[in-house]
Amino acid sequence: ETGVTQTPRHLVMGMTNKKSLKCEQHLGHNAMYWYKQSAKKPLELMFVYNFKEQTENNSVPSRFSPECPNSSHLFLHLHTLQPEDSALYLCASSQEGAVGETQYFGPGTRLLVL
Amino acid sequence: SQKIEQNSEALNIQEGKTATLTCNYTNYSPAYLQWYRQDPGRGPVFLLLIRENEKEKRKERLKVTFDTTLKQSLFHITASQPADSATYLCALVNNAGNMLTFGGGTRLMVKP
């Protein structure tokens with residue numbers, strides 16, 4: 001185990017649903033990240049939070065809404081998604097949020113949008 | 001912008017042989033480069049980091065090289081085992097220096 005947990009592990013939702021993904025890290029890190037991994041494509045960084053403040057939004061559509069209530073928890077709120085949003089959503093954390101720092105990933109949430 | 005190229009075709013090798021995976025980048029040379037392992041249905045796991053002033057880095061059966069002239073990193077697994085079968089990703093800092101960018105990964109299959 002990497003010390004980063006994600007729930008749920010699998011999620012099926014319709015395009016009109018609202019759901020949330022949860023990530024928790026037990027490593028005492030100060031930075032947390034959301035990535036999207038689609039089939040046959042590289043990992044795509046979505047959001048970065050450093051000391052609970054969002055520092056990067058990598059041109060992500062507004063139907064994805066992150067929330068970071070504290071340094072240990074990160075949420076990704078989903079609403080009115082499209083089928084092309086189906087992917088593995090990975091959460092990661094790192095010690096200080098320095099660029100290029102080693103990142104520790106959770107197991108991911110496999111999302112299917114119907 | 002920086003592009004990271006990893007062989008998208010799976011690499012099949014026999015147990016006991018050395019596996020060599022390639023990571024090429026197209027633009028500036030990053031200060032450091034990382035390698036991760038990803039198993040199906042799981043998140044990537046950090047393996048090694050190599051800095052631009054390091055030509056080679058080793059960890060147990062793993063060896064990474066970094067050639068800034070060729071703009072290439074090689075990842076070697078010696079005495080490969082079936083348990084080494086996974087997808088291996090390289091990652092480096094992007095042009096703007098504000099995020100880690102991952103390659104598409106190469107799938108390694110080690111046959112007994």
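Protein chains get the first letters and strands the later ones, always in sequence-line order, with residue 1 at the start of each.
Here A:Gln37 is the residue among A:Gln37, A:Lys41, A:Arg9 with the most heavy-atom pairs under 4.5 Å with chain B.
Both B:Phe66 and B:Leu47 are members of a single hydrophobic cluster when ILVMFWY side chains are connected at heavy-atom separations under 4.5 Å. Put simply, B:Leu33 and B:Leu62 are part of the same group of oily side chains (I, L, V, M, F, W, Y) that touch within less than 4.5 Å, one to the next.
In this structure, B:Phe102 has its ring center closer than 6.0 angstrom to the ring center of A:Tyr35.
Within 6.0 Å of atom CZ in A:Arg63, more than 12 heavy atoms from other residues, nucleotides or ligands are found, so the atom counts as buried in its surroundings. Counting heavy-atom neighbours within 6.0 Å of B:Lys71 NZ, excluding the residue itself, gives a total above 12. No more than 12 heavy atoms of other residues, nucleotides or ligands lie within 6.0 Å of CD in B:Glu9, so this atom counts as exposed by the packing criterion.
For residues 81-90 of chain A, the interface with chain B (any heavy-atom pair closer than 4.5 Å) comprises A:Leu88, A:Leu90, sorted by residue number.
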Distance-only criterion, 3.5 Å: show the donor-acceptor pairs between side-chain atoms of residues 43-50 of chain A and protein atoms not counting sequence neighbours.
from, atom 1, to, atom 2, distance (Å)
A:Tyr49, OH, A:Gln54, NE2, 3.1

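Checked by atom type and distance alone, the side chain of B:Tyr32 never pairs as donor or acceptor with a backbone atom of A:Glu101 at under 3.5 Å.
Here the straight-line distance linking atom CZ of B:Arg42 with atom CZ of A:Phe105 works out to 15.0 Å at 0.5 Å rounding.
Other residues sharing the hydrophobic cluster of A:Leu112, ordered by chain and number and joined by side-chain separations under 4.5 Å: A:Val12, A:Leu114.
Applying the disulfide bond (SG atoms under 2.5 Å apart) rule to pairs touching residues 80-114 of chain A yields A:Cys23-A:Cys91, sequence neighbours excluded.
Using a 4.5 Å cut-off between heavy atoms, B:Gln38 contacts chain A through its side chain alone, with no backbone atom that close.
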